[in-house]
Amino acid sequence: MTYGNRLRATSIAAALVLMVAFGLAFFSAKIEADQGFSQKIFYVHVPMAIVALCGFVFGGIMAIQHLRTGLAKYDLKSYVAIHLSVVLGVGVLLTGAIWAKAAWGTWFEWREPTLVSFLIVFLLYCTYQPLRFSIEDPEKQSRYASVFAVTAGAFVPLNFLAVRLADPYIHPRVLNQAGGDLPDSFRLPFYLGILGMALLFSALYQYELSHKNSRAQLRQLRRKLGGEEEAVGRSAAPQVSSS
Amino acid sequence: MTSVLAQASDTVPDDNTGYVAAAYLVFFALALIYFGIMAFKLQRLERELVELNELADRKLAPAKPDAAPAETTP
């Protein structure tokens, strides 16, 4: 099995779409009347947040598949999706803090449900790697990690719903049931930003899967050639079989 | 000196350009760090591949001298 077949196409598409999205955001979208130029952070911050949250849910779906089938490849997919979403989550928190400082004069607003809920989700997923690392037996590790990913993955949409039902303090609600409050010139760069970020996520996801698979193939080849077994220490990453 | 600084700060547009640049830099820095880690992993993979290639060469090498006398035997 190979994972990197569409890696080149996805990478090129991600770079192109993100370039167009950011280009439109800076040169075509109008300056927002209330926040001024700092609103341009929206085009990188919100797509990153949406893709990160979707990545957490995707990790949960892969974990369900792992629990259902017992196939290690689904555990690997769940692990990689969560790992990448945490990286994006770091980006969301940093860009969000910068935007908050520019717009509200504070790095973080503890009374705002949107901000606090994202931080809770992020911190929850920060425990995923230590959880995996704390379990030595690979079989148990993958099973417990999958249970965690399913539970936390279900928590993400529930959390999103709770935030929607709560009264906003200062954070704006971008997308609503009426189609959102976005002016037309903001829409295209925003949607392209989401697409570009999703493509970037997909490219990095394929790369990670391909890399882990390649290492497993190399290990198997080494065994076949009778070479010295590479010492595999305790790891949070799933043990991939090379079949 | 203070008045010069005050005048200089007046010329800086109050449009939060620095914050926007910082936010996009965070994104690009994260991407670059990730690509750096990817490059490191690729390097390690390449090293392992070279090792395995050498191992395969060593495995195949002793077979040749054994085969040679068999051909010369009438």
Side-chain angles (χ1 to χ4, degrees), chain A residues 11 14-15 18 22 25-26 31-32 35-45 47-48 83-84 87-103 105 107 193 196-197 200 203-204 207-208 210-215 217-228 230, chain B residues 2-71:
Chain A
S11 307
L18 278 177
F22 293 160
F26 280 97
I31 302 283
E32 209 246 355
Q35 291 187 27
F37 194 65
S38 69
Q39 186 269 343
K40 301 287 181 197
I41 298 172
F42 165 77
Y43 301 102
V44 66
H45 170 75
M48 232 184 332
H83 169 73
L84 283 174
V87 174
L88 283 181
V90 172
V92 173
L93 287 172
L94 289 177
T95 55
I98 293 167
W99 193 9
K101 184 69 181 166
W107 295 105
M197 212 58 84
L200 179 67
L204 293 176
Y207 170 80
E208 284 282 350
S210 178
H211 172 260
K212 287 194 168 22
N213 187 37
S214 301
R215 287 214 67 185
Q217 299 280 353
L218 274 181
R219 263 202 301 271
Q220 197 185 39
L221 195 59
R222 192 185 286 271
R223 267 198 301 272
K224 279 181 185 167
L225 287 169
E228 271 180 49
E230 186 192 355
Chain B
T2 320
S3 63
V4 172
L5 282 176
Q7 278 174 358
S9 65
D10 286 344
T11 61
V12 178
D14 186 26
D15 57 3
N16 294 324
T17 315
Y19 287 114
V20 177
Y24 280 84
L25 276 176
V26 163
F27 171 69
F28 288 116
L30 269 179
L32 276 178
I33 291 168
Y34 208 98
F35 296 150
I37 294 167
M38 280 158 70
F40 173 73
K41 285 177 173 177
L42 188 67
Q43 224 174 10
R44 203 168 55 181
L45 215 58
E46 191 185 14
R47 231 176 8 236
E48 277 181 46
L49 208 53
V50 169
E51 264 176 44
L52 277 181
N53 214 346
E54 284 168 359
L55 186 68
D57 283 345
R58 278 202 301 274
K59 286 260 162 194
L60 291 171
K64 283 175 190 169
D66 291 348
E71 282 171 14

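Protein chains get the first letters and strands the later ones, always in sequence-line order, with residue 1 at the start of each. Owing to the predicted nature of the structure, the values given are computational and were not obtained by experimental measurement.
- Residues of residues 35-45 of chain B that come within less than 4.5 angstrom of chain A, heavy atom to heavy atom, are B:Phe35, B:Met38, B:Lys41, B:Leu42, B:Arg44, B:Leu45 in numerical order.
- Contact annotation for A:Leu200: only side-chain heavy atoms (C-beta onward) come within less than 4.5 Å of a heavy atom of chain B.
- Of the atoms belonging to A:Tyr43, heavy atoms from both backbone and side chain fall under 4.5 Å from chain B.
- Taking CG from A:Leu225 and CD from B:Glu51, the interatomic distance works out to 12.0 Å, rounded to the nearest 0.5 Å.
- The structure places CG of B:Asn16 at 12.0 Å from CD1 of A:Ile98, a figure rounded to the nearest 0.5 Å.
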Sequence neighbours excluded and cut-off under 3.5 Å, please list the side-chain donor-acceptor pairs for residues 20-34 of chain B, or say none.
residue : atom : partner  : partner atom : Å
B:Tyr24 : OH   : A:Lys40  : O            : 2.7
B:Tyr34 : OH   : A:Glu208 : OE2          : 2.6

